[in-house]
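Worksheet: one structure, shown below.
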Amino acid sequence: MNNTVRHMCALAPLPNEVSDRIELIPIGAFKTADPRLSMTLDDPEGVIARSLALAPGGVLPIDFDHRSFRPPIDTRAAGWITGLVADGDRVMASVEWTEAGRAALEDRSYRFLSPVFKTDRRTRQVTLIEGAGLVNTPALPQLRQLASKEIDMDPFEKIAGLLGLTAEDPDAVETRINALLDGETQLASVIQAAGIEGDDSVRQICSRLSAPTDPDPARFVPMSMFQDTQRQLASIQQELDGGKVDDALEAARAAGKLIPGMEAWARQLASKDLGSFQSWAESAPVLLSGHRVIEGQPEPKPETLTAEERQICSQMGLSEDTFLATRNATVKDR
């Protein structure tokens, strides 16, 4: 994107007498008739040097009605700017008028001089003076008040204004445009997915979103009913799991693999992971001969293991101290 903007501005009326030295453009900050278009010429010497260096032959053209820049194209010169100088608060131009240009001024065919210059899009600083044109526009009350007519980037200025932004911040304009394009793409996807047709797609979408909807009883149930069903299922599952645990423990007892000292551990394991307990019961050795538990057996001494308990530790690869601590904790809890 070009970072400069060309301006064509009608300055104050030309002198009543044809002069070879005329005011061209203000120095410092100035505004056009559009209050958004504030501009600044802070480096007049640099702009003058650059403008004359880039001008073909070192002179800048003065044409009629800016016809050198816009149709119908007419490249006839009314005069040539041969020199520029900063004088106080404005840039003055030395002019060599052509015969046609001098005649147009003498018979008052043109009343105003309109400089052509470029500004930086971001800073609005004047960067280059390209020439001027003789024009006719209404007289303005102040010498340095301008009536801008931008031509190169005028569409960008209009777009920025429509977006509520200024052309001084092109990044913000680009970001806003990209956001609008993304939104348009998303809206098109929504319209297609919703099967909406017609030019009033946005209204149709809003109507659907705001319309009250009743849930289909064939597909949805009240939340209270759903939660009550969950509680009932959990209770039934707990009862089923509890019965399976009792059956597994009883089977291990009957097989002589589960002794009273292991009851607490076995129930905890079976309640947490019944499959793991059943795997243990299948591979565990028989600890009690005759597959029965002797009723009324005396309480074990807390500081020692019984012969049967030592046998269990040996067969299962358990530490006697660990088994003793676990057994005593189980007895204490009972």
Side-chain angles (χ1 to χ4, degrees), residues 182 186 189-196 205-334:
D182 290 342
Q186 295 172 5
S189 299
V190 171
I191 292 173
Q192 183 178 5
I196 294 176
I205 292 174
C206 294
S207 178
R208 292 190 186 184
L209 292 176
S210 61
T213 57
D214 295 325
D216 184 357
R219 300 175 57 194
F220 303 98
V221 297
M223 179 58 70
S224 59
M225 182 181 297
F226 172 74
Q227 294 173 340
D228 185 55
T229 302
Q230 279 188 315
R231 286 192 291 268
Q232 294 180 26
L233 290 175
S235 177
I236 294 173
Q237 187 65 45
Q238 186 176 5
E239 292 178 2
L240 291 174
D241 292 343
K244 292 179 180 179
V245 169
D246 291 339
D247 292 344
L249 294 177
E250 181 58 33
R253 294 190 201 99
K257 299 182 178 183
L258 180 61
I259 62 175
M262 300 171 65
E263 281 282 347
W265 165 81
R267 180 169 292 279
Q268 182 180 11
L269 176 61
S271 299
K272 182 178 180 181
D273 190 345
L274 183 59
S276 294
F277 175 77
Q278 290 174 332
S279 297
W280 169 84
E282 290 177 359
S283 60
V286 176
L287 303 178
L288 296 177
S289 61
H291 296 183
R292 61 188 180 84
V293 178
I294 301 176
E295 298 292 343
Q297 117 180 42
E299 291 287 337
K301 296 180 179 181
E303 67 277 3
T304 61
L305 298 178
T306 64
E308 291 84 356
E309 290 171 336
R310 290 193 184 91
Q311 183 181 4
I312 293 171
C313 290
S314 176
Q315 293 178 348
M316 299 185 64
L318 298 176
S319 165
E320 291 187 5
D321 292 338
T322 301
F323 187 94
L324 182 63
T326 303
R327 187 203 65 185
N328 289 342
T330 304
V331 172
K332 183 180 179 179
D333 292 340
R334 290 188 302 182

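Just so you know, residue 1 is the first one in the sequence shown, and it goes up from there. Note that the coordinates shown come from a computational prediction; the quantities given were computed from them, not determined experimentally.
- For Ser279, there are no side-chain contact (heavy atoms from CB on, under 4.5 Å) partners two or more places apart in sequence or in a different chain.
- Residues Phe277 and Leu249 form a side-chain contact, since some pair of their non-hydrogen atoms from C-beta on lies under 4.5 Å apart.
- For Ser189, there are no side-chain contact (heavy atoms from CB on, under 4.5 Å) partners, not counting sequence neighbours.
- Closest approach of Ala270 to Val245, counting heavy atoms only: O-CG2, 3.6 Å.
- Listed here is the closest heavy atom pair of Met262 and Trp280: CE-CZ2, 3.4 Å.
- Under the side-chain hydrogen bond (donor to acceptor under 3.5 Å, both in side chains) criterion, Glu250 pairs with Arg253, sequence neighbours left out.
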